[in-house]
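Each remark here refers to the structure printed beneath this line.
Computed from a predicted model, the values in this text were never measured in an experiment.
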Amino acid sequence: MRIGFIKKILRRLDIRFQLVLLNLLVFGSLAYYIIEIGYNHPAVFKHSQWFKTSPSRFLYSLGSRVYLSNIIRLPKIQYDFLLNETAEEEQLRESRRDSVKNGFLHAWNGYTRYAWGYDELLPLTNVGRNNFNGWGATIIDALDTMWIMDLKEEFNRSRDFVRSVDFTRSDDDINVFETTIRYLGGLLSAYELSNDLVFLEKAQELGNALLPSFDSPTGLPYNSWNLTWGINKKSHERSGPPCVSTRHCGSRTGILAQIGTMQLEFMKLSQLTGDSQFFFKVQDVIEILDRAEKYIPGLYPLEIDQDSAEFLGSHVSFGPLGDSFYEARYLLKVHVFVGGALDQYRRMYIESIESMHKYLIKEGKVRNRSELLFLGDLFHDDFSGRMYHLTCFVPGMLAVGSKILDRPEDLETAIRLAETCYWSYNVTLTGLGPEEFLFLTSTDELTQNEIDWLENQEKLNNLPNGLVRISPTYLLRPETVESLFILYRITGDKLYQEKGWMIWQAIEKWCKTPSAYSGLKDVNTEQVEMNNIMESFFFAETLKYLYLLFSPPEIISLDTYVFNTEAHPLLRMIKP
């Protein structure tokens, strides 16, 4: 009996032991596969890099192969706002913020009614238009603006649309630069604000699709690219462009603002996915631009040969074709994004700003406004007194640099340039700024005939004495309100809010249509005619900067976020 009892006990133990082994096998295998997925597919698992390394390594890494060990604590950017807002001031500020939000909703509802899924709404004819790949540029460009404005219903509908987009194919060639700043930047920002993995997965999909556009002989990205050819064609040769005609791979002449305005987005993509190849692609571009021979140190001509990496011509401009490269986002703001860990960007920024002060910034010759500063162009040694609306990002750039790099003189220059940008709005009959204008400098010597001609221009064309002529179109551009927003956040001066409010009132008065908002053909006439254009940056930039100008300063703080050139906020690497 005793022997039988012992055998029975041993059989029970054996069964329990088998169950334990089975459970260990099942749960062990499950844990292994979870770790394997997180390790090899970071976009699928939110902080999967933590399986490879510590959270701090994830935060301070540009992919699994680049760890930034030398991040420093950068100086504070924003003004120390005190609780000095009265109830009346708060009510006024909030009413203005609500006005901008209502403007967004007015334009958004028009877009969703007449052009949902198209890149843009034509706001007079109420039809959709595709000119940015047909992926719904307005939707993706507006994602983070909707989140910041707490428009969650609109945001969630847009999320469902994003899920359906195939970012690996396009019907026609794509503009690599515009695709990066509008789509990739919008997706990355939407992910960091909402923590919704759909946006990160789509950002990685798009980033991978863009990688072949860097396959020029030098590694400089082509201006345009055919996604279908670049990804699916088996005969694609890595040593050169995968096509005979430049129709599929873009012009062999690289544009400065395009090749130099991808660093922030691709670095952020490497940080979030754990894939360092995105960082290496854009860092190689900066190395090429840094080494290339320049006529003036720190000033980069607008065109570069993609085969030889040699600059072409001598035209230097902070306006069209050059603006976003110099813009704080892609020299200074990469420095800010990585917490000073890549000193090359700080050095290149300072070189550019020193030469800008020396060669491009001049005092004007505007009657009774001697404090105004203007920013022009350069052709070799020849200065051109032409200032663009696009260059009005410069005051904001200089203001940020003044705080981060302890350059107080740059803040004074920023304030004067911002006044010029706002003045260009204030002197027109609509209160909206022109696309560009030609100006005289304080050192220009005029003949009596030229003086008489200027006096006549002032009377006939409502041009202030000191301006020669203007390009009068207005495209709902954001650069001036961007600088007003940044200067308010840095100085705490509420006068910048007043100036932004005046601009918003002018937009409401002259640009509003029954369905949305439109740019103007001429800002300096009482016979206002709209141009039937509302680009996606109106949602991404103009309305967002105006909304943030009237928001509490802790919302999207400059000490926490850095904006890409399309105003998509991305989290900075910050040392505690």
Side-chain angles (χ1 to χ4, degrees), residues 37 41-48 101-123 126-171 174 178-210 227-228 265 268-269 272-273 515-516 534-541 543-544 547 556 564 566-571:
I37 291 171
H41 303 281
V44 177
F45 199 91
K46 184 176 178 184
H47 287 312
S48 57
K101 182 176 180 177
N102 289 334
F104 178 96
L105 284 170
H106 173 70
W108 180 255
N109 290 335
Y111 168 79
T112 58
R113 179 177 182 181
Y114 297 110
W116 179 257
Y118 286 90
D119 289 337
E120 297 171 359
L121 167 70
L122 300 180
N126 289 333
V127 296
R129 177 176 73 167
N130 285 331
N131 57 342
F132 293 110
N133 318 344
W135 292 336
T138 289
I139 296 173
I140 297 174
D141 233 0
L143 283 168
D144 49 29
T145 306
M146 287 184 280
W147 185 272
I148 292 167
M149 290 182 174
D150 197 30
L151 299 172
K152 296 305 190 296
E153 181 178 342
E154 291 79 2
F155 181 88
N156 290 333
R157 181 187 179 189
S158 299
R159 174 192 182 276
D160 293 339
F161 173 85
V162 170
R163 188 197 295 274
S164 69
V165 178
D166 182 357
F167 289 107
T168 67
R169 303 184 63 86
S170 61
D171 293 335
I174 68 166
E178 297 287 359
T179 300
T180 299
I181 66 171
R182 299 187 193 224
Y183 288 109
L184 185 57
L187 291 168
L188 290 169
S189 182
Y191 167 68
E192 290 208 305
L193 289 171
S194 69
N195 290 319
D196 192 318
L197 282 172
V198 167
F199 301 117
L200 182 56
E201 291 164 358
K202 286 298 184 178
Q204 189 169 24
E205 177 183 297
L206 177 56
N208 286 328
L210 290 173
L227 288 177
T228 303
E265 294 87 351
K268 175 58 73 172
L269 190 57
L272 294 177
T273 64
S515 60
M534 182 179 66
E535 285 205 40
S536 65
F537 61 65
F538 180 62
F539 295 89
E541 299 184 74
L543 291 170
K544 181 186 295 156
Y547 184 80
I556 312 295
N564 88 327
E566 195 77 1
H568 297 306
L570 301 171
L571 286 167

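- To the nearest 0.5 Å, the span separating OG on Ser158 from NZ on Lys152 amounts to 12.5 Å.
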Let me see the working for Met146 and Arg157 under side chain to side chain contact (heavy atoms under 4.5 Å, CB included), right down to the final yes or no.
CA-CA 11 Å; Met146 287 184 280; Arg157 181 187 179 189; over 6 Å; no
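- Remark: side-chain polar atoms of Glu192 are paired, donor with acceptor, to backbone N or O of Leu571 under 3.5 angstrom.
- Looking at Glu201 and Arg163, their side chains never come closer than 4.5 Å, going by heavy atoms from C-beta outward.
- Not a single donor-acceptor pair under 3.5 Å links the side chain of Ser189 to the backbone N or O of Gly186.
- Atom CG in Asn195 sits 10.0 Å away from atom CG in Leu200 (nearest 0.5 Å).
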Could you please spell out the steps behind the side chain to side chain contact (heavy atoms under 4.5 Å, CB included) verdict for Thr138 and Leu121?
CA-CA 8 Å; Thr138 289; Leu121 167 70; over 6 Å; no
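- Looking at heavy atoms from C-beta onward, Tyr191 lies in side-chain contact with Leu197 at the 4.5 angstrom threshold.
- Relative ring orientation between Tyr111 and Trp108 is described as tilted, the plane-to-plane angle lying within the 30° to 60° band.
- Residues Leu151 and Lys101 form a side-chain contact, since some pair of their non-hydrogen atoms from C-beta on lies under 4.5 Å apart.
- Once rounded to the nearest 0.5 Å, the distance linking CG of Leu206 with CG of Asp166 reads 10.5 Å.
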Decide side chain to side chain contact (heavy atoms under 4.5 Å, CB included) for Ile556 and Leu193; before the verdict, give the C-alpha distance in whole Å, the side-chain angles of both, and the deciding distance to 0.1 Å.
CA-CA 10 Å; Ile556 312 295; Leu193 289 171; 4.1 Å; yes
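- Taking each heavy atom of Leu184 and Ala203 in turn, the nearest pair found is CD1-O, 3.5 Å.
- Nearest heavy-atom pair across Phe539 and Ala142 is CB-CB, 3.8 Å.
- We find the OG1-CG distance between Thr180 and Leu210 to be 5.0 Å, quoted to the nearest 0.5 Å.
- With sequence neighbours excluded, the residues forming a ring-ring contact (aromatic ring centres under 6.0 Å, His included) with Phe155 are Trp147, Phe199, listed by chain and number.
- Residues Met534 and Glu120 fail the side-chain proximity criterion, which asks for heavy atoms closer than 4.5 Å.
- Applying the ring-ring contact (aromatic ring centres under 6.0 Å, His included) criterion to Phe537, with sequence neighbours excluded, gives no partner residue.
- Using a 4.5 Å heavy-atom cutoff, the side chains of Phe167 and Asn208 are not in contact.
- Using a 4.0 Å cut-off between charged nitrogen and carboxylate oxygen, Lys544 and Asp144 count as a salt-bridge pair.
- In this structure a side-chain-to-backbone donor-acceptor pair under 3.5 Å is missing from Lys268 to Gly185.
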With side chain to side chain contact (heavy atoms under 4.5 Å, CB included) as the test, would you mind laying out the steps for His568 and Leu143 before giving the verdict?
CA-CA 9 Å; His568 297 306; Leu143 283 168; over 6 Å; no
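- The shortest distance between side-chain heavy atoms of Phe132 and Asp141 does not fall below 4.5 Å.
- Between the side chains of Arg113 and Ser515, no donor-acceptor pair is found at a separation under 3.5 Å.
- A distance-only check finds no donor-acceptor pair linking the side chain of Ser170 to the backbone of Asn133 [under 3.5 Å].
- Judged by distance alone, with hydrogens and angles left aside, the side-chain atoms of Tyr183 form a donor-acceptor pair with the main-chain N or O of Ala137 at under 3.5 Å.
- Between Lys202 and Glu205 there is a salt bridge, with a side-chain nitrogen of the basic residue lying less than 4.0 Å from a carboxylate oxygen of the acidic one.
- The minimum heavy-atom distance between Ala115 and Gly128, with the atom names listed, is CB-CA, 3.6 Å.
- The closest side-chain heavy-atom distance from Glu265 to Ile181 is below 4.5 Å.
- Judged purely by atom type and a 3.5 angstrom limit, Asn130 has no side-chain atom pairing as donor or acceptor with the backbone of Tyr118.
- Asp119 contributes a side-chain N or O that, together with a main-chain N or O of Trp135, makes up a donor-acceptor pair within less than 3.5 Å.
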